[in-house]
Participant: 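My questions will all concern the structure given below.
We name chains A, B, ... by the order of the sequence lines, and we start the count at 1 in each one.
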Amino acid sequence: MRRTSVPPGPEARAGLTLRGVRIAIRAHVLIPALDLDIGPGECVTIMGRSGAGKSTLLAYIAGTMEPAFSAAGQVAIDGVDVTGLAPEQRRIGILFQDDLLFPHLSVGENLAFGLPASLRGIPARREAVERALAEAELAGFARRDPATLSGGQRARVALMRTLLAAPRALLLDEPFNKLDAQLRHDFRRFVFDHATERGLPILLVTHDVADATAAGGRTMTLEA
Amino acid sequence: MDDPHHGRVGAAVHEVTRARGGVLRLAPALTVAVFLLPIGAGLIGTALPAFGYLPAIGGRAFGIAPWRELFASPGIATAVRTTVVTGIAATLVSVALALGFCAVAHGRRWTRRIGGMLAPILATPHAAVAIGFAFVVAPSGWIARALSPWLTGWALPPDIATVGHASGWPLVLCLVAKETPYLILMIAGALHQVPAARHLGIARMLGYGVTEAWLKVILPQIYPQIRLPILAVLAFSLSVVDVALILGPSNPPTLAVLAVRWFGDADIANYFPGAAAACLLFAIVVGAMMAWVALEHAGEAVGRRWIARGTRSGAASIGARAAFAMTIALCAGSALAIVGMSIWSFAAQWRFPDALPGSLTLGNWSRLWASLAVPVATTLALALAATLIALLLVVCCLENESRTHRRAGDRALWILYVPLLVPQIAFLFGAQVLLVSTGLDGTFGAVVWAHLIFVLPYLFLSLADPWRALDPRYARSATSLGATPLELLLRIKLPLLMGPVLIACAVAFAVSVGQYLPTLFAGSGRVATLTTDAVTLSAGADRRVIGVYALLQAALPCCAYLLAVALPAWRMAHRRARWT
């Protein structure tokens with residue numbers, strides 16, 4: 001594994017830090033300069049219209065920004081600068097509006113895909129998958145085809161898959177948008193409970209005020 | 001179209017649609033008949049003589065004598081083994097290289113033009129590439145010249161076997177060089193059907209490198225769509241004749257070449273073991289396909305376990321990177337092969353250890369000009385006729401699809417692939433017997449039909465996707481403006497699809513130019529094209545002469561492709577110029 005450092009202990013955790021992040025497309029500046037500290041277990045919401053650069057900001061943090069954009073600034077996790085790292089080396093989890101479960105894998109295989117390889121042995125991995133399913137109130141769903149699940153169930157599997165990869169920060173790109181009102185409420189709780197329980201810094205982007213209220217933390221608005 | 005009794009709006013339009021749908025509705029059946037009937041009849045016509053029945057030459061007693069003769073012929077075991085080993089090796093290596101290449105190249109900016117980059121290799125007929133490869137790897141070829149005499153000390157071509165080596169490695173090499181780009185193109189097309197970028201993004205977030213993520217997440221999703229092309233490569237590699245004649249072992253040759261030899265023998269009694277050999281090859285191809293399907297199942301089981309282990313080690317990406325490098329090397333090799341034979345066609349004299357000819361001349365061309373005229377004209381006429389007929393049938397099929405709102409399903413796709421999955425030799429002999437009995441053998445029409453069998457599927461496959469992807473709102477708005485369905489087709493759809501139509505025609509043209517065996521059999525050996533002449537000459541003519549034929553053979557399809565790309569661009573530039 002190509003990791004730059006050993007994950008620090010809980011006392012060393014500084015959360016997600018952005019320093020002087022600037023994003024532009026051609027001559028049009030979307031985000032002039034953003035400094036942000038999100039502590040472990042804290043959730044910060046960024047609001048803004050579509051096209052304001054919300055998703056691009058998350059893509060920059062995750063390392064998957066489209067080359068059409070230009071960006072600068074530092075991203076650090078738990079005090080370690082990850083700006084120069086490939087996305088797969090950053091250990092940042094992200095959830096989108098679409099669950100993006102892999103259709104060729106069963107629910108259990110989707111979760112096993114997220115589990116680190118350091119957890120060895122089929123029985124141990126299967127147990128970890130079962131535990132995650134139980135947490136998502138989906139016990140016994142391991143062999144199911146993701147296509148047979150409801151929207152809410154799929155969303156929960158997507159979150160568990162992300163969390164099983166043991167990320168050090170969680171980015172939420174309007175993941176509640178496609179769910180209907182009741183489901184949206186339940187899934188929000190589900191996400192925030194699990195992420196805060198693991199002490200993850202959360203950055204949520206949305207254009208829905210209810211999301212921001214539910215998140216309960218600081219809220220910022222992108223004007224561009 | 002100008003029926004005065006019909007108004008041009010509303011219900012009347014529907015009525016017209018229905019009336020015209022009646023004729024068009026025959027299009028799919030007609031198209032399928034064009035190639036399924038001769039293939040079916042040809043298979044039967046080959047199977048009967050394999051069991052002793054061919055009344056035209058006195059075979060009336062059913063029996064297994066032809067099979068006995070086949071299995072008693074010297075070297076038959078070796079021929080079968082060489083066929084199976086080279087065919088399967090070429091397929092496995094082509095698939096591995098194409099997958100590795102795509103896994104590494106995915107998402108890079110230059111891959112957007114991959115179709116254009118591969119076009120010259122894809123358009124160049126197999127025989128031309130094989131002739132070029134023969135020159136590169138022969139004992140007197142470019143590799144030996146580059147190393148002589150300073151390294152090898154050879155002042156004369158060494159007495160070693162490369163081309164025609166008993167193991168068949170030059171044959172495998174050439175097949176891989178030709179089939180890998182084809183599979184890459186098929187994979188590139190399949191990638192449009194899955195949300196590849198988003199799924200790769202998720203996999204990277206979960207800690208997987210791009211290449212490993214491609215193999216674990218994208219490949220399983222696109223595999224169903226590249227399965228038929230892979231089976232086509234398998235069938236082709238097992239049954240290829242022209243490349244095997246030029247590069248393959250000669251004594252004994254591969255099974256397909258053995259069958260062609262028997263069919264071409266002066267002693268017509270040899271038709272019987274020849275037919276048995278063709279049937280055996282058919283059985284081998286079917287068996288190999290079943291083995292491939294079994295391999296797919298095994299691969300899926302292993303793959304699932306590999307994915308579930310969650311390894312992010314990147315070991316797979318090392319293999320993929322090696323495949324990427326090898327693919328680039330092979331493409332460079334193909335380019336070198338084509339350049340090499342081009343130089344030969346202009347060489348005045350080119351002595352052995354010299355890397356380049358002493359002087360260049362147009363003499364080879366001017367000397368051959370008279371004898372080239374007929375094959376060039378025949379090649380062009382056959383290709384144009386087959387392409388135009390195929391285009392007409394395919395457009396009718398696709399138009400029928402959009403008017404009846406019924407899309408051809410998976411079964412139709414399998415039917416389209418039949419000509420690419422059945423070994424040519426297994427039905428061409430039988431088809432020839434039928435043609436002879438009707439007196440049609442050796443006619444222009446018979447050869448056009450034989451080409452059509454292979455041109456049609458390729459034209460359909462390259463035109464269907466862009467046709468179906470055309471925004472239906474153009475058609476709806478044109479209809480609401482009063483256009484009849486025929487006007488809609490001629491004035492809206494075809495002009496909008498001009499680019500894809502021309503590319504599909506270029507593909508079809510290239511397929512026709514490259515046909516060797518269908519020309520030989522349907523033409524009863526009397527219809528000479530550049531390809532049949534080039535293959536015949538490759539057996540021992542002057543390299544300068546072979547170079548001329550091979551270069552021309554490669555140039556025709558490449559010109560067609562250039563034309564297909566340039567015409568729409570020129571038209572667009574012309575139109576813009578009028579506005580500025």
Participant: Could you check whether the rings of B:Y208 and A:F113 sit parallel, tilted or perpendicular, using 30° and 60° as the cut-offs?
Facilitator: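 Rings of B:Y208 and A:F113: parallel, under 30°.
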Participant: Please state whether the side chain, the backbone, both or neither of B:A197 comes within less than 4.5 Å of a heavy atom of chain A.
Facilitator: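 For B:A197, no heavy atom lies under 4.5 Å from chain A.
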Participant: Could you measure the distance from the CG atom of B:L206 to the CG atom of A:L164? Nearest 0.5 Å is fine.
Facilitator: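 Answer for the CG-CG pair, B:L206 versus A:L164, is 9.5 Å.
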Participant: Where does A:L101 contact chain B at under 4.5 Å (heavy atoms): side chain, backbone, both or neither?
Facilitator: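 Interface part for A:L101: backbone (N, CA, C, O).
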Participant: More than 12 heavy atoms of other residues, nucleotides or ligands under 6.0 Å from CD of A:E66: is that the case?
Facilitator: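 No, not enclosed.
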Participant: State whether the number of non-hydrogen atoms from other residues, nucleotides or ligands found under 6.0 Å of B:R305 atom CZ is greater than 12.
Facilitator: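 No, the 6.0 Å shell around CZ holds no more than 12 heavy atoms from other groups.
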Participant: Hey, is CZ on B:R468 packed in by over 12 heavy atoms from elsewhere, all under 6.0 Å?
Facilitator: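 Enclosed: over 12 neighbouring heavy atoms sit under 6.0 Å from CZ of B:R468.
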Participant: How long is the gap from CZ on B:R309 to CD1 on A:I122, to the nearest 0.5 Å?
Facilitator: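 So the gap between those two atoms works out to 8.0 Å.
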Participant: So which heavy atom on A:P103 is nearest to which on B:H199, and how close?
Facilitator: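 Heavy atoms of A:P103 and B:H199 come nearest at CD-CE1, 3.7 Å.
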Participant: Hey, does the side chain of A:H104 reach the backbone of B:I222 with a donor-acceptor pair shorter than 3.5 angstrom?
Facilitator: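 Here the side-chain-to-backbone pair does not exist.
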Participant: Tell me the closest heavy-atom pair linking A:G114 and B:R312, and the distance in Å.
Facilitator: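 Where A:G114 meets B:R312 most closely, the heavy atoms are O-NH2, 2.8 Å.
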Participant: Atom CZ of A:F102 and atom NZ of B:K216: how far apart are they, to the nearest 0.5 Å?
Facilitator: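 It comes to 11.0 Å.
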Participant: Please flag which part of A:I94 lies under 4.5 Å from any non-hydrogen atom of chain B: side chain, backbone, both or neither.
Facilitator: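 Looking at A:I94, backbone and side chain both touch chain B.
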Participant: Heavy-atom distances under 4.5 Å only: say whether A:R126 touches chain B with side chain, backbone, both or neither.
Facilitator: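 When you check distances to chain B, no heavy atom of A:R126 falls under 4.5 Å.
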Participant: Report yes if the side chains of A:E109 and B:I307 come closer than 4.5 Å at any heavy-atom pair, otherwise no.
Facilitator: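 A:E109 vs B:I307: side chains apart.
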Participant: Any side-chain heavy atom of A:L171 sitting closer than 4.5 Å to one from B:M205?
Facilitator: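 No, their side chains stay 4.5 Å or more apart.
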Participant: Which heavy atom in B:G310 sits nearest to a heavy atom in A:A117, and how many Å separate them?
Facilitator: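 Heavy atoms only, the tightest pair is O-CB, 3.2 Å.
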Participant: Rounded to the nearest 0.5 Å, what separates atom CD1 in A:I92 from atom CZ in B:R204?
Facilitator: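 So the CD1 of A:I92 and the CZ of B:R204 are separated by 12.5 Å.
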Participant: Could you grab the distance from atom CG of A:D98 to atom CZ of B:R198, nearest 0.5 Å is fine?
Facilitator: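 Atom-to-atom, A:D98:CG and B:R198:CZ are 4.5 Å apart.
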Participant: Of all heavy-atom pairs between A:E88 and B:V210, which one has the smallest distance, and what is that distance?
Facilitator: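 Answer, listing the atom of A:E88 first, then B:V210: OE2-N, 4.0 Å.
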Participant: Relative to chain B, which segment of A:R90 carries a heavy atom at a distance below 4.5 Å: side chain, backbone, both, or neither?
Facilitator: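 When you check distances to chain B, no heavy atom of A:R90 falls under 4.5 Å.
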Participant: Where does A:L100 contact chain B at under 4.5 Å (heavy atoms): side chain, backbone, both or neither?
Facilitator: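 Both parts, backbone and side chain.
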Participant: Picking from B:T311, B:I202, B:V194, which has the most non-hydrogen pairs under 4.5 angstrom with chain A?
Facilitator: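 Sorted descending by pairs with chain A, the first entry is B:I202.
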